[in-house]
Amino acid sequence: MEDLIERARDALSDSYAPYSEYRVGAAIRTADGTVFTGCNIENANYSNSVHAEELAISKAVQAGHRAFDAIAVASSERDGVTPCGMCRQTLAEFCGDDLAIHCDEGDDGYSTYTLGELLPNTITAAHLDR
Ligand code: THU
Ligand code: ZN
């Protein structure tokens, strides 16, 4: 687990966040143990920010992975930041309620949640009968 958090922390260094100066890194682990990382990438229009979790899962899906065990998230503030609502929904497209979400709290360690805790009763492909 600490390894996954370490990978999320490492990804912070790739962040492009000149506007918020709030750097975020994420590392998602696939069912076969492969790890993909992402960071936030902001834009001068203030709207088109790519979120770290979104980039990590997008890279994994592009590489052919659709099953995930866990994701770790770290911010430059080491403040235990959790994935935002948009990222929770993006994760729910490919991950079940049991996905572990580890949130870096710096020297205090980390908090672990499940996706089901952070985003209960969300819409999924099952609702659309696909
Ligand atoms: N951010 C993420 O990368 N992931 C989240 O889920 C929370 C927010 C980024 C977006 C923006 O670049 C900065 O954090 C401040 O909101
Ligand atoms: Zn987000």
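Note that the coordinates shown come from a computational prediction; the quantities given were computed from them, not determined experimentally. Indexing begins at 1, ligand by ligand and atom by atom, following the structure's order.
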Just to be sure I read this right, does ligand 1 sit under 4.0 Å from the backbone of Ser20, its side chain, both, or neither, counting only heavy atoms?
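Answer for Ser20: side chain.
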Contact region, Met86 to ligand 1, non-hydrogen atoms below 4.0 Å, reads neither
Ring centroid separation His102 to Tyr113 under 6.0 Å
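Distance test on ring centres: not under 6.0 Å, no.
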Go through it in stages, so that I can follow the logic: the residues are Tyr22 and Asp79, the test is side-chain hydrogen bond (donor to acceptor under 3.5 Å, both in side chains), and I'd like the CA-CA distance, side-chain angles, deciding distance and then a yes or no.
CA-CA 11 Å; Tyr22 187 80; Asp79 54 4; 2.8 Å; yes
Among N, O or S atoms, His51 approaches the Zn ion (ligand 2) most closely through ND1
Considering only heavy atoms of [X], which atoms of ligand 1 have at least one such atom less than 4.0 Å away?
X	value
Ala52	2 (C), 3 (O)
Cys84	5 (C), 6 (O)
Asn40	3 (O), 9 (C), 11 (C), 12 (O), 13 (C), 14 (O)
Pro83	6 (O)
Glu53	2 (C), 3 (O), 4 (N), 5 (C), 6 (O)

Counting only nitrogen or oxygen atoms and a 3.5 angstrom limit, does [X] reach ligand 1?
X	value
Glu42	yes
Ser49	no
Val50	no

How close does the nearest protein non-hydrogen atom get to atom 16 (O) of ligand 1, and which residue and atom is it?
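Looking only at protein heavy atoms, the one closest to atom 16 (O) of ligand 1 is Tyr22 CD2, 4.7 Å.
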Taking only non-hydrogen atoms of Cys87, do any sit less than 4.0 angstrom from ligand 1?
yes
My question is simple, although I want it checked carefully: is atom 3 (O) of ligand 1 less than 4.0 angstrom from any protein heavy atom?
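Under 4.0 Å from atom 3 (O) of ligand 1, at least one protein heavy atom found.
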Heavy-atom distance under 4.5 Å between the side chains of [X] and [Y], does that happen here?
X	Y	value
Leu4	Val35	yes
Asn40	His51	no
Thr114	Leu99	no
Ile57	Phe36	no

Using side-chain hydrogen bond (donor to acceptor under 3.5 Å, both in side chains), reason through Thr82 and Arg88 one step at a time and then give a plain yes or no.
CA-CA 9 Å; Thr82 63; Arg88 294 176 194 191; 2.9 Å; yes
Exceeds 12 heavy-atom contacts within 6.0 angstrom, atom CG of Asp32
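Yes, the 6.0 Å shell around CG holds more than 12 heavy atoms from other groups.
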Please determine whether side-chain contact (heavy atoms from CB on, under 4.5 Å) holds for the pair Thr122 and Gln89, giving the CA-CA distance in whole Å, both sets of side-chain angles, and the decisive distance to 0.1 Å.
CA-CA 8 Å; Thr122 192; Gln89 182 67 40; 2.6 Å; yes
